[in-house]
Structures are given as C-alpha cells and as structure tokens.
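Here's the structure we're looking at; comments come further down.
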Amino acid sequence: MLTYCVQIKYTKDALMAIIDEQQDRQAPAAALCESVGGKLVGMWGAMGQPDYHMFAVIEVPSDVAYMSAYMKLMKSGAFESLKTIKCYSTAQAAEAASAVSGIDYTPATG
C-alpha cells in the first residue's frame, strides 16, 4: 500500500455546510478510500493552520487509485484545494540508503 498525507481546504460553501449541519466528514472519507481499495488511517482538523482545514492520512494500492479518488473529490466542487504529500516509511528510506553506494553519478564542478 502507498501512503499519502492530504491537506484539505474546503470551499466556503462546503465549510459552512459542515458547520451548519454539524457534519463529521470521516465516514465519507473512509468510504471513498475503501472504494478505491484503500483505507483511511486518520483524519484531523488543523487549529491555527491558515491554509488548510483538515489533514488526512490514507493508504491506497496505487498512484492510479489515489488519482481517481483525488479526481472524484475535486469534481465534487467541495474543495478549494487538496495538497498531496506522498509518504514513505523508515524501512523504505533504509532500503533506498542501502542502494546509494551502487549508483553512479558525477556532480557538477566549477
């Protein structure tokens, strides 16, 4: 599974609907993730963070699965922006580090 952190900014209308109707958006987010074969790890609000209203961590089986969920969200019109951060585990970092010695590279010199 691939892991993504998604920074969520709702449109003004969507945010007002969430407030006025006391909507908890976690269940719809979980259902969206499950519909592309993934899962919602967690979803949190962001106090004192002016650029985004919520953060979600999700796991999905592929980049294509993530992109299809992203497109569905943006097509809904409820989001001003969704910023995607693709995450990697410490085990993946260690695996990459073990491959460094076998990579050829000549740096720029001046």
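In this text, all values refer to a predicted model and were calculated from it rather than measured experimentally.
Taking NZ of K12 as the reference point, atom CD of E80 lies at 11.5 Å (rounded to 0.5 Å). For the atom pair OG (S68) and NZ (K75), the distance works out to 12.5 Å, reported to the nearest 0.5 Å. The OG atom of S62 sits 9.5 Å away from atom CE of M1, with the distance rounded to the nearest 0.5 Å.
Note on V6: it clusters hydrophobically with L15, by side-chain heavy-atom contacts below 4.5 Å among ILVMFWY residues. Both I58 and M54 are members of a single hydrophobic cluster when ILVMFWY side chains are connected at heavy-atom separations under 4.5 Å.
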Check your understanding: Step by step, would you call L82 with Q7 a side chain to side chain contact (heavy atoms under 4.5 Å, CB included)?
Key -> CA-CA 6 Å; L82 297 168; Q7 298 175 341; over 6 Å; no

Exercise for review: Please step through side chain to side chain contact (heavy atoms under 4.5 Å, CB included) for the pair Q26 and L40, ending with a clear verdict.
Suggested key: CA-CA 8 Å; Q26 188 159 328; L40 176 67; 3.6 Å; yes

Check your understanding: Does the pair T3 and V57 meet the rule for a side chain to side chain contact (heavy atoms under 4.5 Å, CB included), with working shown?
Key -> CA-CA 7 Å; T3 304; V57 174; 3.9 Å; yes

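Put simply, the side chain of Q22 gets close to the backbone of D20: a donor and an acceptor are under 3.5 Å apart.
A heavy-atom distance below 4.5 Å is found between the side chains of I18 and R25.
With I8 as the partner, the side chain to side chain contact (heavy atoms under 4.5 Å, CB included) test is satisfied by one option alone out of H53, K83, M43: M43.
Remark: E21 engages Q23 in a side chain to side chain donor-acceptor pair (under 3.5 Å) (not counting sequence neighbours). By the side chain to side chain donor-acceptor pair (under 3.5 Å) test, K86 pairs with D63, sequence neighbours left out.
Crowding of E95 atom CD: a count of heavy atoms from other residues, nucleotides or ligands under 6.0 Å not exceeding 12.
Sequence neighbours left out, the pairs with a member in residues 61-96 that pass ring pair (Phe, Tyr, Trp, His ring centres under 6.0 Å) are Y4-Y66, Y10-F79.
Between C5 and C87 the shortest heavy-atom distance is N-SG, 3.8 Å. The two residues P61 and G38 come nearest to each other via the heavy atoms CD-N, 4.1 Å. When all heavy atoms of T11 and G77 are compared, the pair lying nearest together is CG2-O, 3.4 Å.
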